[in-house]
Amino acid sequence: MVDVNFGRLNPTGLLDLSRVVELSEWSLEGDVLRLGAGITFARLLEPGLAAMVPALAQAARTVGSPQIRQRATLGGNLATGSPAGDSIPPLVAHLAEIELASVRGRRRMPLGEFILGPKRTALRSDELILSVSMRYSVGAQTFMKVGARSAMVISVASIAMLVDDERDQVRVGYGSAGPTVGLVCSSRAAAAGLPGAVENACVPIDDVRASARYRRRALRVMTERALERCVG
Amino acid sequence: MRIEATVNGTPTSIDADPCLSLLTVLRDDLGLAGSKNACEQGECGSCSVLLDGDLVCACLVAVGQADGRTVLTIEGLGDGDGGLHRVQQAFIDAGAVQCGFCTPGLILATVSLLDTIPDPTEDEIREGLSGNLCRCTGYQKILDAVALAAAVAAG
């Protein structure tokens with residue numbers, strides 16, 4: 001709509017996916033939570049969903065403003081494929097899978113393979129994002145984001161940390177510090193090494209929002225704080 | 001495309017390009033200029049309206065999406081006889097209006113906030129209004145007005 005408002009886009013028609021009720025549903029199969037691509041960030045803040053995926057809910061709360069969260073959807077955030085997309089670090093830390101559909105059928109892939117580069121994804125021109133799925137019965141998790149103010153900001157750097165007791169893993173998804181959202185994992189015993197590992201793995205750039213040096217430092221500090229929250 | 005929507009309580013039929021923003025059609029076709037046109041990219045909140053009761057930026061809604069739905073703008077908020085809504089009255093009483101450009105959006109954001117949280121804390125007020133900018137920077141009195149509206153409702 002922004003491109004329409006600024007005269008950069010003059011569509012001959014639009015499809016209103018918000019009326020496709022099935023896209024806005026979520027379901028549980030065993031310990032796998034399937035979130036429809038049409039679920040808005042406002043709905044992710046509802047207590048039932050937020051309790052199952054707290055890091056994703058914390059990320060949802062930092063998206064835009066109340067007005068934006070009423071309209072903005074998970075599927076939209078993923079299709080945009082920005083390295084700063086707020087929902088992506090928690091979903092990557094969850095090892096989430098994305099489900100795509102076209103007249104040729106459905107296909108699934110890890111979210112990490114779906115996002116190819118800054119705002120580039122594996123979505124074909126005739127495909128629709130149906131859902132993302134993840135195991136939700138994991139341990140402690142958190143999300144943190146640095147920005148110029150609390151609302152209406154594109155993140156300068158963000159992380160989501162998740163403790164997966166079943167696999168004995170602590171996973172960190174980090175955003176705005178490379179061409180795509182990154183993932184760093186360790187065993188629980190070696191989790192103290194995560195701040196350094198994230199600092200080394202990230203490949204941030206200098207831009208109008210922050211310097212690469214600041215972003216690298218912010219990721220280290222956020223990972224240290226997340227460890228205090230999630231691992232103790 | 002013919003769009004049938006209930007605008008401020010009145011069934012309204014609009015013949016418009018469905019890809020235009022709801023804001024454009026409200027202002028240019030329906031003459032409802034209370035929703036302000038400023039950033040046109042969802043940053044400022046001055047075009048905030050309630051769409052089926054949800055607070056949205058009218059500039060980010062394609063008007064075709066309003067078909068079959070209800071839209072409430074600042075013009076429809078009072079009692080219809082010139083009487084003000086309690087949130088409008090609270091903004092006057094608290095002196096929360098300076099140039100007035102952001103006021104319609106802020107009032108609708110406040111109505112939406114108080115619908116969800118009737119007695120918000122200051123942090124909840126700040127978060128609820130975080131999508132609305134006031135370039136006169138009169139935020140303190142705006143916060144006071146929201147607290148006043150909540151207190152009036154609580155009696």
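All figures in this text were calculated on a predicted structure; none of them were measured in a lab. Letters A, B, ... mirror the listed sequences (proteins, then strands); counts begin at 1. Atoms considered below: every heavy atom in the structure, side chains included; atoms not considered: hydrogens, waters and symmetry mates.
Considering only heavy-atom pairs separated by less than 4.5 Å from chain A, the leading option among B/Ala109, B/Cys59, B/Cys39 is B/Cys59. Considering only heavy-atom pairs separated by less than 4.5 Å from chain B, the leading option among A/Met152, A/Arg69, A/Arg149 is A/Met152. Note on B/Asn132, B/Asp54, B/Leu113: by heavy-atom pairs under 4.5 Å with chain A, the leading option is B/Asp54.
Of the two parts of B/Ser48, only the side chain, counted from C-beta on, holds a non-hydrogen atom closer than 4.5 Å to a non-hydrogen atom of chain A. Of the two parts of B/Leu133, only the side chain, counted from C-beta on, holds a non-hydrogen atom closer than 4.5 Å to a non-hydrogen atom of chain A. Both the backbone and the side chain of B/Asp67 have a heavy atom closer than 4.5 Å to some heavy atom of chain A. Both the backbone and the side chain of A/Leu14 come within contact range of chain B, each with at least one heavy atom under 4.5 Å from a heavy atom of that chain. Heavy atoms of B/Leu20 lying under 4.5 Å from chain A belong exclusively to its backbone.
Side-chain contact, A/Ser131 with A/Glu99: a donor N or O sits under 3.5 Å from an acceptor N or O. In summary, the side chains of B/Ser35 and B/Arg27 do not present any donor paired with an acceptor at a separation below 3.5 Å, with no hydrogens or angles considered.
Test A/Asp86, A/Thr62, A/Val63, A/Val146 against A/Ser155 for side-chain contact (heavy atoms from CB on, under 4.5 Å) and you get one pass: A/Asp86.
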Assess whether side chain to side chain contact (heavy atoms under 4.5 Å, CB included) is satisfied between B/Val111 and B/Leu72, documenting all intermediate values. CA-CA 11 Å; B/Val111 169; B/Leu72 183 75; 5.6 Å; no
Report the C-alpha separation of B/Asn8 and B/Thr10 in whole Å, then their side-chain angles, then the decisive distance to 0.1 Å, and conclude whether the side-chain hydrogen bond (donor to acceptor under 3.5 Å, both in side chains) test is met. CA-CA 6 Å; B/Asn8 295 333; B/Thr10 306; over 6 Å; no
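Remark: A/Leu33 CG to A/Leu56 CG distance equals 9.0 Å, nearest 0.5 Å.
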